[in-house]
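Within every chain, numbering begins at 1; the chains are lettered A, B, ... in the order of the sequence lines, protein sequences first and strands thereafter. Atom set for the values below is all heavy atoms of this structure, side chains included, hydrogens, waters and symmetry mates excluded. Predicted model only: the values in this text are computed from it and were never measured.
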Protein chains: 2
Amino acid sequence: MASGSARSCLEEAAALGSAPPVSYEESTMPPVDRSVVADLALFAGLGPAELDEVLREARSIRYPKDSAVFHQGAEADAFFVLLHGHLRVEKTTPQGQQIVVRYVSPGEIFGVAQALALKHYPATAVAAVDSIALCWPSAAWPRLTSKFPSLAANALQTVGSRLQDTQARVIEMSSEQVEQRVAHALLRLANQAGRKIETGVEIDFPISRQDVAEMTGTTLHTVSRILSAWEQRGLVEGGRQRIVLRDPHKLFALAEGRVPSERSGG
Amino acid sequence: MASGSARSCLEEAAALGSAPPVSYEESTMPPVDRSVVADLALFAGLGPAELDEVLREARSIRYPKDSAVFHQGAEADAFFVLLHGHLRVEKTTPQGQQIVVRYVSPGEIFGVAQALALKHYPATAVAAVDSIALCWPSAAWPRLTSKFPSLAANALQTVGSRLQDTQARVIEMSSEQVEQRVAHALLRLANQAGRKIETGVEIDFPISRQDVAEMTGTTLHTVSRILSAWEQRGLVEGGRQRIVLRDPHKLFALAEGRVPSERSGG
DNA sequence: TGCGCGATTTGCGTCAGGACAACGTTCTGG
DNA sequence: CCAGAACGTTGTCCTGACGCAAATCGCGCA
């Protein structure tokens, strides 16, 4: 609900185009240096000159923690690549319940609604920590992809792997107990945003029990209970909006189905 | 497990190329006439000549009911477009449980694993009724998309809308009761494969309670109970591997959350 | 340093829905 | 026409997870 204080991509662009006294940086500073994106998967296969051409239309925008990059239902006027930070992508059901769809990590393309023939963003993206993203107007997408087919191919792969993830999640929700789903969710988070510390792997951004509940289709109460039990067994280490996996291997075994949670039997 | 008796796409192609006494049809018959695919969304934007070029590499294959088009885990050596019939796409969990991922309707592209950078099919596709599909070797995909960028764009939209559907399903499973999920599943099926008959809308292919259970993450027992209750209330009409929606509107209301199932309270 | 709010923990009651079991019904093949 | 199998229906029991509610903790801010 805290509507972002950050300007949207198009507002930036409009300001750039219309402001009569164009400042030095705005007129001549390349929006982004290609070194920061040269090895992103999305741009694999593009030469330096081509990269510059693509980046010429981009703007770099900073999103403070808890600000929204875009809102569910808003007109999809831009697409993005995350450079730094982490975003939480969430959907709200007609009944008002929120669901965390996924987290975006640096290097990922997101908000490509226009490429999927959507006129509006299907979800809301919120900065979980201070973040920086590149941003292009949606109108640039057809032009860029027709000129650089590898962009479309790479985007297709990205969307495809996202589809795989989402289907995996459907399967988890169909076939697994809550405890296994939570384990899977944490492992996935650690995998894509884990930071190795002495006592294990820490998830690199603030995440509440509520967030985990919204990722796994359960309630914060249940998540809290599960994490408490795991903490007693030395599997994880909790804290305010903080989770450390102390024994990812054992957690994985638990996620896979064996290793009963509490039961004495077996 | 009934491994299809149908030849795979590549076996067909190999047979075509290597069989010494090439028969008349095999050597000269165009694999498919463009009239049968001219108005498929996938090929929107291609001229007749281009269409012919794309179709030149395709083969048309018939899949009898219950035969597999491809198996989960098999090498992804082809991609397909369904011309006629209906396919059930299912995944098997490591624990052996099966999940129905979706149904494929005529006109849809499927099995594009290669485009998503997968070497193996992530799911199994089985003909729910006798079906016919066009089939291209996976190797043709990069060539075709680089020559006809609209193909990639269209595929991206297809995969994107599939992603939307899957996410919608995740949200349903997170936030809805079993009964609502079953209602949603039936409405979706009716929507994409419904046939209007006197008493309502019939789902156009054989579908068992087990199948519905695998779509909604529940058990066939629960599905059976729910359908029985609905039948008593005149919402649906059952039968062996057959479901007719007699009152889609009321079913929709039920799926949306209001209209309690049984409760007497108000 | 003390206050206040949001995050977290935890106990308890309840119930939807899964497990088990038995039976009825409709196809299929000989 | 009959046997057998696959599909579907129903009843009973039981458990895991949700809802409610209250206590507690920890961080940020003044």
| query | Has the side chain of B:Thr166 got a donor or acceptor atom that lies under 3.5 Å from a matching backbone atom of A:Gln167? | reply | no

Q. Taking NZ, NE, NH1 and NH2 as the nitrogens, is one of them in A:Glu237 or A:Arg246 under 4.0 Å from a carboxylate oxygen of the other?
A. yes

A:Phe70 meets the ring-ring contact (aromatic ring centres under 6.0 Å, His included) criterion, sequence neighbours left out, with A:Phe80, A:Tyr121

### Query
Does a side-chain N-to-carboxylate-O contact under 4.0 Å join A:Arg195 and A:Glu202?
yes

Whole-Å distance, A:Gln177 CD to C:dG17 P, equals 15 Å

For this session: Would you indicate, yes or no, if C:dG17 has its OP1 or OP2 atom less than 4.0 angstrom from a side-chain nitrogen or oxygen of B:Thr219?
Result: no

note: B:Ile226, atom CD1; D:dT10, atom C1'; distance rounded to Å ~ 14 Å

Here the pair of heavy atoms bringing B:Val100 nearest to B:Arg169 is O-NH2, 2.9 Å

Donor-acceptor pairs under 3.5 Å, side chain of residues 217-226 of chain A to any protein atom, not counting sequence neighbours: which ones?
unit_1: A:Thr219; atom_1: OG1; unit_2: A:Thr222; atom_2: N; d: 3.3
unit_1: A:Thr219; atom_1: OG1; unit_2: A:Thr222; atom_2: OG1; d: 3.2

B:Arg162 meets the salt bridge (charged side-chain N to carboxylate O under 4.0 Å, His left out) criterion, sequence neighbours left out, with B:Glu108

Separation of D:dG8 atom C1' from B:Glu237 atom CD, nearest Å, is 16 Å

Per-residue pairing states of DNA chain D in dot-bracket (Watson-Crick or G-U under 3.5 Å; . unpaired, | other strand) read ||||||||||||||||||||||||||||||

Hits for salt bridge (charged side-chain N to carboxylate O under 4.0 Å, His left out) against B:Asp165, two or more places apart or cross-chain, chain-then-number order -> none

Taken to the nearest whole Å, CD/B:Glu179 to P/C:dC15 is 17 Å

In whole angstroms, the gap separating P of D:dA5 from CG of B:Asp66 amounts to 18 Å

Between protein and nucleic acid, restricted to nucleotides 6-14 of chain C and to nitrogen or oxygen atoms under 3.5 Å apart, what atom pairs and distances do you find?
unit_1: C:dG6; atom_1: N2; unit_2: A:Arg240; atom_2: NH1; d: 3.2
unit_1: C:dA7; atom_1: O4'; unit_2: A:Arg240; atom_2: NH1; d: 3.3
unit_1: C:dT8; atom_1: OP1; unit_2: A:Gln241; atom_2: N; d: 3.0
unit_1: C:dT8; atom_1: OP2; unit_2: A:Arg209; atom_2: N; d: 3.1
unit_1: C:dT9; atom_1: OP2; unit_2: A:Arg209; atom_2: NH1; d: 3.3
unit_1: C:dT9; atom_1: OP2; unit_2: A:Ser224; atom_2: OG; d: 2.5
unit_1: C:dT9; atom_1: O5'; unit_2: A:Ser224; atom_2: OG; d: 3.3
unit_1: C:dT10; atom_1: OP2; unit_2: A:Ser228; atom_2: OG; d: 3.3
unit_1: C:dT10; atom_1: O4; unit_2: A:His221; atom_2: ND1; d: 3.0
unit_1: C:dG11; atom_1: N7; unit_2: A:Arg225; atom_2: NH1; d: 3.3
unit_1: C:dG11; atom_1: O6; unit_2: A:Arg225; atom_2: NH2; d: 3.4

